[in-house]
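Computed from heavy atoms alone, side chains included, the values below leave out hydrogens, waters and symmetry copies. By convention in this document, chain letters (A, B, ...) are assigned in the order of the sequence lines, proteins followed by strands, and residues within each chain are numbered from 1.
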There are 2 protein chains.
Amino acid sequence: MPDILDDAERLCAQNGVRLTPLRRRVLELVAGSKAPVKAYDLLSRIDQSNANAKPPTVYRALDFLMEAGLVHRVEALNAFIACPQAGHGHAAMLYVCEDCANVTEVQGARPGQDNKPDGFAVKRSVIEHYGKCIDCR
Amino acid sequence: MPDILDDAERLCAQNGVRLTPLRRRVLELVAGSKAPVKAYDLLSRIDQSNANAKPPTVYRALDFLMEAGLVHRVEALNAFIACPQAGHGHAAMLYVCEDCANVTEVQGARPGQDNKPDGFAVKRSVIEHYGKCIDCR
DNA sequence: GTTATGGATGTAATAACATAACAAAATGAA
DNA sequence: TTCATTTTGTTATGTTATTACATCCATAAC
Ligand SMILES: [Zn+2]
Ligand SMILES: [Zn+2]
Ligand SMILES: [Zn+2]
Ligand SMILES: [Zn+2]
């Protein structure tokens with residue numbers, strides 16, 4: 001995972017935000033997991049290096065990392081993944097294997113585009129767009 | 001909401017599953033809400049008619065209703081909506097207004113299709129496909 | 001009508017996920 | 001140094017969801 005962490009350092013420096021040791025450690029744990037990681041799993045793993053970690057510790061770090069575009073939340077799993085193309089602006093599309101828990105992230109929430117990974121068989125999709133309706137603009 | 005409940009009765013009869021008074025009541029509450037409803041809100045409202053209601057009461061009813069295609073879960077809100085086209089097979093696409101909480105459900109998870117409601121401004125999208133990857137087939 | 005059967009509901013407890021509120025410490029600028 | 005801001009620590013609690021087991025109820029066979 002050196003790439004992801006190095007990219008993260010660069011990206012945070014560019015954007016004038018601070019990738020503190022704690023945040024870096026959480027990113028390291030998320031990036032080091034093949035499957036999406038749960039917040040409380042992070043909490044128990046971070047404990048090895050930081051005995052004081054409590055739920056807010058990890059949720060705050062995750063909030064920062066998501067804000068920075070380094071981590072995504074997998075809504076239907078209450079779990080988190082490291083973004084492989086940190087800093088991309090647009091929405092990500094995730095293909096989650098229910099057997100091996102592997103996640104493939106592709107770009108292109110744009111209509112008319114569907115970069116489905118080779119051979120992936122979709123069983124169920126979660127598609128939710130959030131914003132403002134015409135009446136509330 | 002007579003339409004939704006009548007349709008539900010019909011659909012359940014067709015499929016040989018039982019829309020019991022409890023399940024019907026939960027569907028009624030979900031369908032009667034303009035905004036997505038939380039499970040524990042249902043729990044407190046159902047209480048008027050069923051003083052014994054506990055969390056499993058409502059979660060079981062919701063599981064049944066989702067299985068029957070009558071209700072959808074809004075993943076990013078931990079909430080539920082009644083399906084306006086009960087029994088449709090394919091995935092639904094939801095447009096959720098963050099101001100008024102109104103939800104528009106459109107069909108067409110098919111690639112190349114995007115039936116965005118008129119004037120809706122998307123701020124953030126959740127797109128998650130679940131299934132089997134090529135290695136697990 | 002009685003009796004098995006399976007499905008539905010009741011009930012208690014707890015697990016899993018997430019945030020509020022305030023205190024202390026660390027950082028960086030004036 | 002002093003000050004303001006951000007980050008982290010800490011305690012408590014709020015919110016969402018499930019497990020496990022008991023009871024009830026509808027249906028159909030006998
Ligand atoms: Zn990404
Ligand atoms: Zn797989
Ligand atoms: Zn629907
Ligand atoms: Zn609106």
Side-chain angles (χ1 to χ4, degrees), chain A residues 8-9 12-13 15-30 33 35-68 70-81 101 126 128, chain B residues 8-9 12-13 15-30 33 35-68 70-81 101 126 128:
Chain A
E9 294 283 8
C12 289
N15 297 343
V17 296
R18 295 167 50 196
L19 187 63
T20 62
L22 177 58
R23 292 164 173 173
R24 195 187 147 93
R25 172 72 179 136
V26 170
L27 176 57
E28 187 178 39
L29 287 171
V30 176
S33 171
V37 205
K38 303 272 191 172
Y40 276 71
D41 288 348
L42 290 170
L43 185 54
S44 63
R45 292 192 217 164
I46 212 181
D47 255 358
Q48 333 276 271
S49 53
N50 180 345
N52 302 326
K54 301 277 183 311
T57 311
V58 60
Y59 281 107
R60 283 195 286 230
L62 287 169
D63 284 348
F64 170 86
L65 294 169
M66 287 191 288
E67 180 70 24
L70 297 166
V71 159
H72 298 300
R73 182 181 160 83
V74 187
E75 293 292 348
L77 298 180
N78 294 336
F80 303 84
I81 59 170
V126 174
E128 300 172 3
Chain B
E9 294 283 9
C12 288
N15 296 344
V17 296
R18 296 168 49 195
L19 188 62
T20 63
L22 177 59
R23 291 164 174 174
R24 196 187 146 91
R25 171 74 180 134
V26 170
L27 176 57
E28 188 179 35
L29 287 171
V30 177
S33 171
V37 205
K38 302 271 189 172
Y40 276 73
D41 289 347
L42 291 170
L43 184 54
S44 63
R45 292 191 217 165
I46 212 181
D47 255 356
Q48 331 277 272
S49 54
N50 179 344
N52 302 325
K54 301 275 184 310
T57 310
V58 60
Y59 281 107
R60 283 194 284 229
L62 287 169
D63 284 348
F64 170 87
L65 294 169
M66 287 190 289
E67 181 69 23
L70 298 167
V71 159
H72 297 301
R73 181 181 159 83
V74 187
E75 293 292 347
L77 297 180
N78 293 336
F80 303 86
I81 58 170
V126 174
E128 300 173 3

Could you tell me whether the side chain of B/R60 has a donor or acceptor atom within less than 3.5 Å of a complementary atom in the base of C/dG7?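 No, the side chain and the base share no sub-3.5 Å donor-acceptor pair.
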Suppose we call a contact any N or O donor and acceptor under 3.5 Å apart; does that hold for the side chain of A/Y40 and the base of C/dA18?
yes
Round to a whole Å and report the spacing from [atom1] of [X] to [atom2] of [N].
X: B/E75; N: D/dT16; atom1: CD; atom2: C1'; value: 13 Å
X: B/L62; N: C/dT9; atom1: CG; atom2: P; value: 12 Å
X: B/L43; N: D/dG14; atom1: CG; atom2: P; value: 16 Å
X: B/L22; N: D/dC25; atom1: CG; atom2: P; value: 14 Å
X: B/R24; N: C/dA8; atom1: CZ; atom2: P; value: 17 Å
X: B/D63; N: D/dA17; atom1: CG; atom2: P; value: 10 Å
X: B/L77; N: D/dT15; atom1: CG; atom2: C1'; value: 14 Å
X: B/F64; N: D/dT18; atom1: CZ; atom2: C1'; value: 20 Å

*So what does A/R18 hit on the nucleic acid, given a heavy-atom distance under 4.0 Å: a base, only sugar-phosphate, or nothing?*
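It contacts sugar-phosphate atoms only.
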* Asked: What nucleic acid atoms does B/N50 come within less than 4.0 Å of, heavy atoms only: base, sugar-phosphate, or nothing?
  -> sugar-phosphate
| Around atom CD of A/E67, are there more than 12 heavy atoms of other residues, nucleotides or ligands at under 6.0 Å? | no
[N] OP1/OP2 closer than 4.0 Å to side-chain N/O of [X]:
X: B/R25; N: C/dT9; result: no
X: A/Y59; N: C/dA18; result: yes
X: B/K38; N: D/dT16; result: yes

Is it true that a side-chain atom of A/S33 and a backbone atom of A/V30 form a donor plus acceptor pair closer than 3.5 Å?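 A pair under 3.5 Å: no.
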Any donor-acceptor pair under 3.5 Å from B/E128 side chain to A/A76 backbone:
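Pair found, side chain donor or acceptor close to backbone of A/A76.
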Against the side chain of A/T57, the closest entry in C/dT9, C/dC17, D/dT10 is D/dT10
query = Counting side-chain heavy atoms from CB outward, which of C/dT9, C/dA12, C/dA20 is closest to A/P56?
reply =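 Nearest to the side-chain atoms of A/P56, counting from C-beta on, is C/dA20.
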Walking DNA chain C from its 5' end, the first of B/N52 and A/P55 to be reached, judged by nearest nucleotide, is B/N52
Using the closest heavy atom to pick a nucleotide of DNA chain C for each, name whichever of B/N78 or B/K54 lands nearer the 5' end.
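In this pair, the answer is B/K54.
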What one should report as the nearest heavy-atom pair of B/R18 and B/F64 is O-CZ, 3.5 Å
Which atom pairs, donor and acceptor, lie under 3.5 Å between side-chain atoms of residues 42-52 of chain A and protein residues at least two apart or in another chain?
unit_1, atom_1, unit_2, atom_2, d
A/S44, OG, A/D41, O, 2.9
A/S49, OG, A/R25, NE, 3.2
A/S49, OG, A/I46, O, 2.9
A/N50, OD1, A/N52, N, 3.0

